[in-house]
Structures are given as structure tokens and as C-alpha cells.
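Structure first, then comments.
One-based numbering, in listed order, for ligands and for the atoms of each.
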Amino acid sequence: MPVGQILISSRTLRQRIKELAREITKDHQPEELVVLGLMNGSIFFLSDLLRWMNLPTILETCRLRSYRGTTSTGRVWGLDQLQGDFEGRRVLVVDDILDSGATLNALRDALAQRKPRSVKIAVLLSKRVARKADVKADYVGFEIPNTFVIGYGLDYEGKYRYLPSIHLFEPEGEGPVRGCAS
Ligand code: IMP
Ligand code: MG
């Protein structure tokens, strides 16, 4: 079974996401926020954040992909599907993990063309890697080492998203996967 040891437990996730939700609420209250969730990875983080933020929000989602297996391809698919009215609005982009930065960089450029009033980025996880694209998240749940992780929305080839905690990914017969973004 490639599900390795727990890196972040469901209990710790819940506590930290509640803190982030409070911080985002404080920074935006009382204004309406368009929350753009990147699917499928952010699904649990997004729904927990939304229910714990005390703000009027409009939910949009967009399905983007940049990974094959445990490797970032540096290319991003799905931006042509970006829908929603962002003009003049405050937007919060929500993603599961910031790795090479390619996904959020491409999305930020695509959003800028829609003339939002402001764009902030919230990620549950941020890998300690040299980013290929110059992107910084405004809200970060946890900094993690440069290793591949699964669970709580994060997948390996579509699998393991359902796990309530975040686990290290271990291919059969090997140790954890390292250095996947380079
Ligand atoms: P980036 O474009 O390289 O920053 O990669 C971001 C996207 O790659 C995330 O939204 C995830 O979908 C995927 N990703 C990066 N690292 C991991 C990981 O460790 N586990 C699962 N998905 C990952
Ligand atoms: Mg993703």
C-alpha cells in the first residue's frame, strides 16, 4: 500500500484551517469575496475554509492540471475553462499545494485579464522548493519538505484523495518520493 505515514493529522488540519479562516475573515470583512477553488485537489480545504470563514462568498471552481504521476510538467491545462465574473471583485484563489508555482502563476495571469479588484492566494501546503515561477501565497496552512504527499484532497493519479489526513506517498517497495518538482 503506497499510503505512508501521516505527515499532518486530520485534527491538526482542522485547527490550522480554522485559524486561516479567521485570518481571511479579518482581512476581508465585511466585503463579499469571490472564492475560486482549484479542483480537484482543494476540495476538502475549500469546503472547510468556506464553512469556517464568516464572510459572504461566491464560489467558483476551475479544473487545472499540471502533474503527471509525481512530476510537475511545468505546463498547465484547463485555463480555457475559467468561468465566473471577476471584474471589480475581490478574489481569493484556493489551492491544495504550492510546488513549482506553475499552476498559480498561469492562473494569476489569466485572472488579471478579467480585471479583478484584488487577488489573494490561499494554499493548504507549500513545499520547500526553489519555485520555477515567482508566486507567493498570502495564506499558507503548512510548509512541508520537498516530498510527494497524498490525502485530504491530494492525489496520486486520481487516487487517495479521500484520506482524512495528509500522508507521505511511498511507491511499492520504495521509500517516500523526493524532489518531485525539479
Ligand atoms: P505546481 O504547478 O508545480 O505549483 O503544482 C501545483 C499542483 O501540483 C497542485 O495543485 C497539485 O495538484 C499538484 N501537486 C504538487 N505537489 C503535489 C503532491 O505532493 N501531491 C499531490 N499533488 C501535488
Ligand atoms: Mg491541483
Counting only heavy atoms closer than 4.0 Å, does ligand 1 sit against the backbone of [X], its side chain, both, or neither?
X	answer
Leu154	side chain
Lys127	side chain
Ser100	both

(request) Return yes or no for this condition: an N or O of Leu98 is under 3.5 Å from an N or O of ligand 1. (result) no
(message) Are any of the N/O atoms on Val149, whether in the backbone or the side chain, positioned under 3.5 angstrom from an N/O atom of ligand 1?
(response) yes
(message) What I want to check is whether the side chains of Tyr152 and Asp96 have a donor and an acceptor closer together than 3.5 Å.
(response) no
(request) Establish, from distance only, whether the side-chain atoms of Ser165 and Ser9 form a donor-acceptor pair under 3.5 Å. (result) no
(message) Against ligand 1, does Gly41 come closer than 4.0 Å with any heavy atom?
(response) no
(request) Run the contact test for Ile150 against ligand 1 with a 4.0 Å cut-off on heavy atoms, strictly below, and give the result. (result) no
(message) To the nearest 0.5 Å, what is the distance between CG on Asn54 and CD1 on Ile24?
(response) 12.5 Å
(request) Going by heavy-atom distance to atom 9 (C) of ligand 1, choose the closest among Asn40, Asp96, Ile166. (result) Asp96
Hey, which atoms in ligand 1 end up nearer than 4.0 Å to a heavy atom of [X]?
X	answer
Gly101	1 (P), 3 (O), 4 (O)
Asp95	10 (O)
Ser66	2 (O), 5 (O), 7 (C), 8 (O)
Asp155	21 (C)

(message) Taking Arg90 first and then Glu31, would you say they form a salt bridge - that is, a charged N and a carboxylate O separated by under 4.0 Å?
(response) yes
(request) Answer yes when Glu19 and Arg22 have at least one side-chain N-carboxylate O distance shorter than 4.0 Å, and no when they do not. (result) no
(message) Using side-chain heavy atoms (C-beta onward) and a distance below 4.5 Å, is Asn40 in contact with Asp155?
(response) no
(message) Tell me if a side-chain donor or acceptor on Thr12 pairs with a main-chain N or O of Ile8 at a distance below 3.5 Å.
(response) no
(request) Verify, without hydrogens or angle tests, whether Ser100 (side chain) and Ala102 (backbone) share a donor-acceptor contact under 3.5 angstrom. (result) yes
